[in-house]
There are 2 protein chains.
Amino acid sequence: MTPPKLLDEAALKERELLIINSAVLLIQTNGIENLTMDKVVVQVPFSKGTVYKHFIGKEDLLLAISNYSIKVLGDLFYRAYQFKGCARSRMLLLNFSYLIYAMLYPALFQCVMCSKSPNVVGKSSEKHINEGELLEVKLMTSIHGIVEDGLNDGSLSLPLNMDIQQICFSNWSMAYGAITLLSGEVEQCSGRTSLIVERELFNHSNLLHDGMGWQPLSKDRNHCAELKTALAELFPEELMQIKAKGRELNFESFS
Amino acid sequence: MTPPKLLDEAALKERELLIINSAVLLIQTNGIENLTMDKVVVQVPFSKGTVYKHFIGKEDLLLAISNYSIKVLGDLFYRAYQFKGCARSRMLLLNFSYLIYAMLYPALFQCVMCSKSPNVVGKSSEKHINEGELLEVKLMTSIHGIVEDGLNDGSLSLPLNMDIQQICFSNWSMAYGAITLLSGEVEQCSGRTSLIVERELFNHSNLLHDGMGWQPLSKDRNHCAELKTALAELFPEELMQIKAKGRELNFESFS
DNA sequence: TTCGTCAGTGACGGTTCGTCACATATTATA
DNA sequence: TATAATATGTGACGAACCGTCACTGACGAA
């Protein structure tokens, strides 16, 4: 006796995505704090009960959005990882792909940050939590790959008392700190006047990579020019979209 | 005709602090997301109307708590700034005072982060917003002071294309990233297994400071031993309180 | 005593959340 | 085709929370 399945997996997935997209749209217009399940329900051709079949609560929906966002970011990371060029350049490129992501999808970026808070995780379903962890692992794979490339070609050697994972994390947390505090989606950091996120991210990356002795050091190579052409080649559409939003990566500030 | 003041300034301030403390207690036990104005009201010997005389809404209360927290952190920073020793050591010490703060007052730390979100700021009173900005400036003063000391004694010189403010920010955002992602109050960063926040903060600080050529470089000096004694001397009580919470700074992980 | 002002109160309307009893659709079986 | 069984969908409802406002009481001035 097989249980009759009236709705196939694909249709369910599609509906889930429809709900997520509607929610993202609402967040973009009203701000994440004003997201309401009631509002989502009216935007969507289903009733409240059906929505709650997919997400056990508001927080669970938020986490699902976050997972979707991480997938988007993961693609950008992977493209940076696969790009041509030396390992250090690609790591810088990856950091900037992170910035592009934050600039292009501020609502998604914010969702990811919010979804990390214990209250969201605590109220979410196991399914979405596990899904999220898997996606993050995939995210880390690109970073890990670049570091390994650097170790293999000899341009990088592990600093004292640090393993690969710690190197990966140092780069990640550095980029996270700079972008989070300066992305403008967060009213962080008084005295952020005169701080330009792309310039600071560039400088911090250089300081950190120089600090670990990753060749070529910034004094020996014009990383900026290289970065500029790499970005133009790898993320042409994304840069266009950023420009369409009235923002633009300002390379003159640190060239 | 002077308007009759039946309640003096001090009493108001005292009441405000009472409300804040009650709210912090509630956050510690129930989590920040379950903080309710109704719960605050029952904890406090005033009625709802009176509470709303002090704070125009829930978010305004949250911002007030955040301000209070920044004051606490500012004191720790200032103590690090005033400590004896070379500039670079004191900067490392300051970074660890940040970590101590995050470990000792996780609820406060979380409040500060939450209060940076646009929705909180947007719903808060001008009074508390301005107060917060002033407090943050004070916070930055300690960092700024240490960097200036480094520049004055010649142990540090500005990297290409970077000014003092950028140096300050690079240190701040680095510490922020590492502590935020690893402090455990945020369910961040899959693959954080085997990452130890005090060790990573130490390593990141060294990489960054080495990267800017801040003397003495980590290869020339045992910063760890120095840090350990400095912490013991400057923050004995705080370390005790951390130990009382069942946590302890693990220096063996990177000595 | 009377009036005006101000601190303080808590009941109330408006939202939002998440549930659940019920309705409808689809498939299996007689 | 009729009927039963199961899957799917609905929206009214109670609970919780927010912030307000009409009211009370206390105090000082006239």
Side-chain angles (χ1 to χ4, degrees), chain A residues 1-16 18-19 22-23 26-27 29-65 114-115 117 119-120 122-125 127-128, chain B residues 1-16 18-19 22-23 26-27 29-65 114-115 117 119-120 122-125 127-128:
Chain A
M1 177 83 140
T2 58
K5 260 200 179 173
L6 305 178
L7 241 64
D8 59 25
E9 201 69 23
L12 284 177
K13 207 71 186 164
E14 193 178 339
R15 268 202 317 204
E16 200 161 310
L18 178 59
I19 298 173
S22 301
L26 283 170
I27 291 175
T29 55
N30 301 332
I32 193 169
E33 192 43 37
N34 294 318
L35 182 69
T36 288
M37 289 306 257
D38 288 345
K39 287 179 195 160
V40 173
V41 167
V42 301
Q43 292 290 328
V44 136
F46 321 114
S47 76
K48 194 176 253 192
T50 303
V51 171
Y52 273 86
K53 276 262 157 62
H54 289 270
F55 309 99
I56 65 174
K58 192 184 177 180
E59 287 75 16
D60 197 37
L61 172 57
L62 226 52
L63 183 57
I65 297 174
C114 290
S115 301
S117 84
N119 72 65
V120 172
K123 292 177 181 170
S124 294
S125 63
K127 177 195 162 195
H128 286 131
Chain B
M1 180 78 150
T2 58
K5 258 195 177 174
L6 305 177
L7 241 67
D8 61 24
E9 202 68 24
L12 284 176
K13 207 69 186 165
E14 193 179 339
R15 266 205 316 207
E16 200 161 311
L18 179 60
I19 298 173
S22 301
L26 282 171
I27 291 175
T29 55
N30 301 331
I32 192 169
E33 74 285 2
N34 293 319
L35 182 69
T36 289
M37 287 307 255
D38 286 346
K39 287 180 196 159
V40 173
V41 167
V42 303
Q43 291 290 327
V44 136
F46 321 115
S47 76
K48 192 176 254 191
T50 303
V51 171
Y52 273 87
K53 276 263 157 60
H54 289 271
F55 310 99
I56 65 174
K58 190 185 177 179
E59 287 76 15
D60 197 38
L61 172 58
L62 226 52
L63 183 57
I65 297 175
C114 290
S115 301
S117 86
N119 73 67
V120 171
K123 293 178 182 170
S124 294
S125 63
K127 178 196 162 193
H128 286 132

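Quick caveat, the model's predicted, so the values are computed rather than measured. In what follows, chains are A, B, ... by sequence order, proteins preceding strands, each numbered from 1.
- Between B/Leu61 and B/Val40, the closest heavy-atom pair is CD2-CG2, 4.3 Å.
- If you measure from atom CG of A/Leu18 to atom P of D/dG9, you get 13 Å, rounded to the nearest angstrom.
- Straight-line distance from the CG atom of A/Asn34 to the C1' atom of D/dC18: 13 Å, rounded to whole Å.
- The separation between B/Leu26 atom CG and D/dC17 atom P is 11 Å, rounded to whole Å.
- Residues A/His128 and A/His54 share a closest heavy-atom pair of CE1-O, 3.9 Å.
- Ion pairing between A/Glu33 and B/Lys58 fails under the 4.0 Å rule for side-chain N and carboxylate O.
- One finds a side-chain N or O of A/Arg15 lying less than 4.0 angstrom from the OP1 or OP2 phosphate oxygen of D/dG9.
- Here the closest non-hydrogen pair linking A/Val120 and A/Cys114 is CG2-O, 3.5 Å.
- Base pairing annotation: D/dA30 forms a Watson-Crick or G-U wobble pair with C/dT1, both donor-acceptor distances under 3.5 Å.
- Taking all atoms of both residues into account, the shortest heavy-atom contact from A/Ile56 to A/Ser125 is CD1-N, 3.6 Å.
- Among the heavy atoms of the strands lying under 4.0 Å from B/Thr50 is at least one base atom, whether or not backbone atoms are also near.
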Could I get a table of every N or O pair under 3.5 Å where one atom is in the protein and the other is in nucleotides 19-22 of chain D?
unit_1	atom_1	unit_2	atom_2	d
D/dG19	OP2	B/Tyr52	OH	2.7
D/dG19	OP2	B/Lys58	N	3.2
D/dG19	N7	B/Lys48	NZ	3.1
D/dG19	O6	B/Lys48	NZ	2.9

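- The CZ-C1' distance, from A/Phe55 to C/dC17, rounds to 16 Å in whole Å.
- Protein atom NE2 of B/His54 is 16 Å distant from nucleotide atom P of C/dC6, rounded to whole Å.
- The side chain of B/Ser47 sits closest to C/dG10 out of C/dG10, C/dC17, D/dG9.
- A straight line from CG of A/Leu61 to C1' of C/dG18 spans 14 Å, rounded to a whole angstrom.
- For B/Lys39, whose side chain is taken as the heavy atoms from C-beta onward, the closest listed nucleotide among D/dG9, C/dT9, D/dC17 is D/dC17.
- Between the side chains of B/Ser117 and B/Asn119, at least one donor-acceptor pair of N or O atoms lies under 3.5 Å.
- One can place CG of A/Leu62 at 11 Å from P of C/dC17, the figure rounded to the nearest angstrom.
- Rounded to whole angstrom, the span from the NZ atom of A/Lys53 across to the P atom of D/dA7 amounts to 11 Å.
- The heavy-atom pair separating A/Leu35 from A/Ala23 by the smallest distance is CD1-O, 3.9 Å.
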